[in-house]
Amino acid sequence: MAAAAPPLCTWLVAACSHADCGAEEHRTHQHRQTQCLDGGSGAMFGPRRDRRPIGARRRGSARSGVAMAVALQPERVIVEKKRPDVKQRRVVVTGMGVVTPLGHDPDEFYNNLLDGNSGISEIETFDCSMFPTRIAGEIKSFSTEGWVVPKLSKRMDKFMLYLITAGKKALENGGLTEEVRDELDKTRCGVLIGSAMGGMKVFNDAIEALRVSYRKMNPFCVPFATTNMGSAILAMDLGWMGPNYSISTACATSNFCILNAANHIRRGEADVMLCGGSDAPLIPIGLGGFVACRALSQRNSDPTKASRPWDMGRDGFVMGEGAGVLVLEELEHAKQRGATIYAEFLGGSFTCDAYHMTEPHPEGTGITLCIEKALADSGVTREEINYVNAHATSTQSGDLKEYEAIVRCFGQNPELRVNSTKSMTGHLIGAAGGIEAVASIQAIRTGWVHPNLNLENPEEIVDVGMLVGSKKERCEVKVALSNSFGFGGHNSSILFAPLK
C-alpha cells in the first residue's frame with residue numbers, strides 16, 4: 001500500500017490567494033520589473049494595481065518582466081534540445097491499475113474474469129425500486145485510504161476517487177515508487193485520463209443545493225464536476241508537468257486517451273504517461289438517463305445473466321463503474337530503470353461513423369475503417385491478430401455490427417479468438433476501454449483468454465467457433481486488438497503485443 005497522498009496544497013491555496021506579478025509604468029515609459037505576493041485578501045484574484053481600463057494598458061507592459069522570463073525559460077530549453085528520432089521511440093506498458101466490480105488489483109480482476117465470475121448484481125447505493133432497471137456492475141467495497149487524503153476524499157466525486165486510486169495503483173504496480181519518481185524528469189511525465197460522464201454526483205448535488213440557495217453549494221462543485229480535473233489533480237499530486245488533459249468521447253474515452261498518450265511518447269514529447277478512463281454514473285440521474293433512452297437490460301431477476309453479448313436473448317447493456325489506468329513508457333526509458341515490461345503498445349486509430357447519436361452505421365463502415373487504420377498505424381498484418389477484446393455491450397445492433405466488421409477484417413484467420421469483458425463487468429462507460437486494455441495485456445502475460453458468459457443462444461450470423469466459450473481458453477497471443485465505440489459514432493481500436 002502506498003503512503004498517504006500529501007494534501008494538494010498548491011491547488012487549494014490557489015483558491016484563497018493570488019500572486020500578482022507585473023510591471024509599473026512610469027512617466028518616462030521606463031518599466032521596472034517587480035514581483036509580489038498578495039496572500040491576505042482571501043479572494044481568488046487579488047486587487048488590481050493598474051486602475052485604468054484594460055484596453056488602455058500598453059501592450060506587453062502588464063505581463064512583461066520576471067514572470068514572462070520564467071515562463072519562456074522551459075520553451076527555450078525545449079527548442080535547444082534535440083528531439084529524439086520518432087521512428088525509434090517504442091512504447092511499452094509498465095504498470096496497470098484498476099478499480100472494478102471484480103476487484104481492485106490487476107491480477108485479482110483478471111483471475112475473476114478467467115474464472116467466469118460476474119460482478120453484476122442488484123444496486124445497493126440508492127433506492128432504484130421505481131426504475132425498470134435495478135441492476136449494475138456496482139462496486140460494493142472501495143476505500144481511498146492510503147491513496148487520497150481524507151479531506152479531499154469527502155469532497156470529490158467518485159469518478160475522481162476511482163481515477164486517482166487506479167492511477168496511483170498503476171504507479172505502484174509499475175515500480176514507480178516515490179523514490180523512483182523523484183529521479184524522473186517531471187517535465188516529461190504526463191497524465192491523460194478521461195471520463196465520459198464526469199462528476200455527475202457533485203453536479204447533481206450542486207443543483208439540489210441551488211434550489212435552496214447558492215450559498216449552500218459546494219465551492220468546489222465546478223472543478224470537481226469537470227472531466228479534466230481528475231488528471232489535473234493527480235498531476236499536481238505527483239508534480240508531473242508533461243502533457244495533461246482529458247478526453248471525453250463517451251464509451252470510447254479510454255482508448256482515445258491511451259492512444260493519444262502513446263503518441264506523446266512516440267513523438268518525443270514525453271517519456272512516461274498515465275492514461276485510461278474513469279466513470280461513476282451509478283446515481284439516480286445516471287441510471288434514469290440510460291433508462292429513458294431504452295439502452296439498459298431489465299433482467300432484474302437474474303443479474304448475472306443480464307449482460308449477454310451476441311446472444312439472441314440480450315435486451316440491452318448493464319451499467320458499470322470504475323477505472324482502468326495504464327503506465328505507458330518509452331522502451332529505453334523503461335529498460336534503463338529496470339522496469340517490468342508487460343506488453344508493447346503497437347498503435348491504434350480513431351474514426352467517426354458520422355451517422356447517428358446512438359446507433360452504429362448500418363454497414364459498420366466506421367468500425368471497419370477504424371480497425372484497418374489501426375493495423376496500418378501499428379505496422380501489423382491481419383494474420384498477426386489472433387485475439388480481439390470486443391466492445392460488445394449486449395445491445396441489439398452494436399454487437400452485430402462489430403462482429404461483422406471483425407469477420408470482414410479477420411474472418412480468414414482460424415486462430416482468432418474473440419470475447420467481451422462486459423459479459424462479467426457490465427459496461428463501465430468511459431472506463432470500459434481502460435479495464436479492457438488491462439484484460440488484453442493480462443491475456444498476453446498469462447496465455448489465457450477469459451470466457452464469454454451467457455452466450456446460450458447465439459445469433460444466427462455468429463460463428464461460435466470464433467468466440468471464446470463459457471470457459472477460459474489457452475491462447476498464445478501474438479497481437480491483441482481492443483475495440484471501444486461510443487455514442488456520437490466515436491470508434492477506437494488499440495493494439496498490444498508481447499515485447500520482442
Side-chain angles (χ1 to χ4, degrees), residues 85-93 252 254-256 258-263 265-267 326 328 330-331 341-353 360-361 363-392 400-421 433 436-450 461-468 473-485 491-500:
D85 185 351
V86 175
K87 293 181 181 179
Q88 300 300 315
R89 291 182 66 84
R90 296 168 65 183
V91 181
V92 293
V93 180
S254 286
N255 277 11
F256 271 69
I258 292 169
L259 178 51
N260 274 278
N263 284 339
I265 297 175
R266 292 161 108 186
R267 292 195 297 261
L326 302 181
L328 296 186
E330 193 272 326
L331 175 59
I341 296 173
Y342 297 131
E344 181 173 7
F345 178 88
L346 298 182
S349 179
F350 317 126
T351 62
C352 179
D353 282 349
H361 192 282
E363 297 177 3
T365 308
I367 298 174
T368 302
L369 178 62
C370 186
I371 294 173
E372 291 176 343
K373 289 179 65 177
L375 294 176
D377 181 64
S378 305
V380 300
T381 65
R382 299 169 187 264
E383 292 73 25
E384 292 177 88
I385 308 293
N386 68 333
Y387 171 54
V388 176
N389 188 294
H391 180 64
L400 295 185
K401 296 310 171 186
E402 181 184 14
Y403 173 81
E404 290 169 355
I406 291 172
V407 170
R408 195 175 298 124
C409 293
F410 311 112
Q412 302 304 313
N413 184 355
E415 297 181 357
L416 185 67
R417 311 307 296 143
V418 181
N419 62 12
S420 171
T421 303
E436 288 157 16
V438 171
S440 300
I441 295 161
Q442 291 285 56
I444 291 171
R445 291 183 63 210
T446 64
W448 290 94
V449 291
H450 69 70
I461 70 166
V462 172
D463 176 9
V464 292
M466 182 184 294
L467 304 180
V468 181
E473 296 181 11
R474 273 285 182 190
C475 180
E476 184 180 345
V477 180
K478 299 175 182 175
V479 179
L481 170 72
S482 181
N483 288 331
S484 286
F485 314 122
N491 305 308
S492 59
S493 298
I494 54 178
L495 294 96
F496 300 92
L499 179 66
K500 296 180 180 179

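All figures in this text were calculated on a predicted structure; none of them were measured in a lab.
No donor-acceptor contact under 3.5 angstrom links the side chains of Y403 and D463, judged on distance only. A donor atom on one side chain and an acceptor atom on the other are not found under 3.5 Å apart for E383 and N413.
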Between T368 and C409, does a side-chain contact (heavy atoms from CB on, under 4.5 Å) hold up when you go through it step by step? CA-CA 7 Å; T368 302; C409 293; 4.0 Å; yes

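More than 12 heavy atoms of other residues, nucleotides or ligands sit less than 6.0 Å from atom CD of E473.
Heavy-atom minimum distance, E372 versus R382: OE2-NH2, 3.4 Å. Nearest heavy-atom pair, E344 versus V91, reported as atom, atom and distance to 0.1 Å: CG-O, 3.3 Å. Contact between F485 and S492 at its shortest, heavy atoms only, is CD2-N, 4.0 Å. When all heavy atoms are compared, the tightest approach of A437 to I494 is CB-CD1, 4.4 Å. Counting all heavy atoms, side chain and backbone alike, F345 lies closest to F496 at CD1-CE2, 3.6 Å. Of all heavy-atom pairs between S484 and A252, the closest is O-CB, 3.7 Å.
Of the possible polar contacts, one joining the T446 side chain to the W448 backbone as a donor-acceptor pair under 3.5 Å is found.
Using a cut-off of 4.0 Å between Lys/Arg side-chain N and Asp/Glu carboxylate O, K478 and E415 are scored as salt-bridged. Salt-bridge annotation for R266 and D377: present, with a side-chain N of the basic residue lying under 4.0 Å from a carboxylate O of the acidic one.
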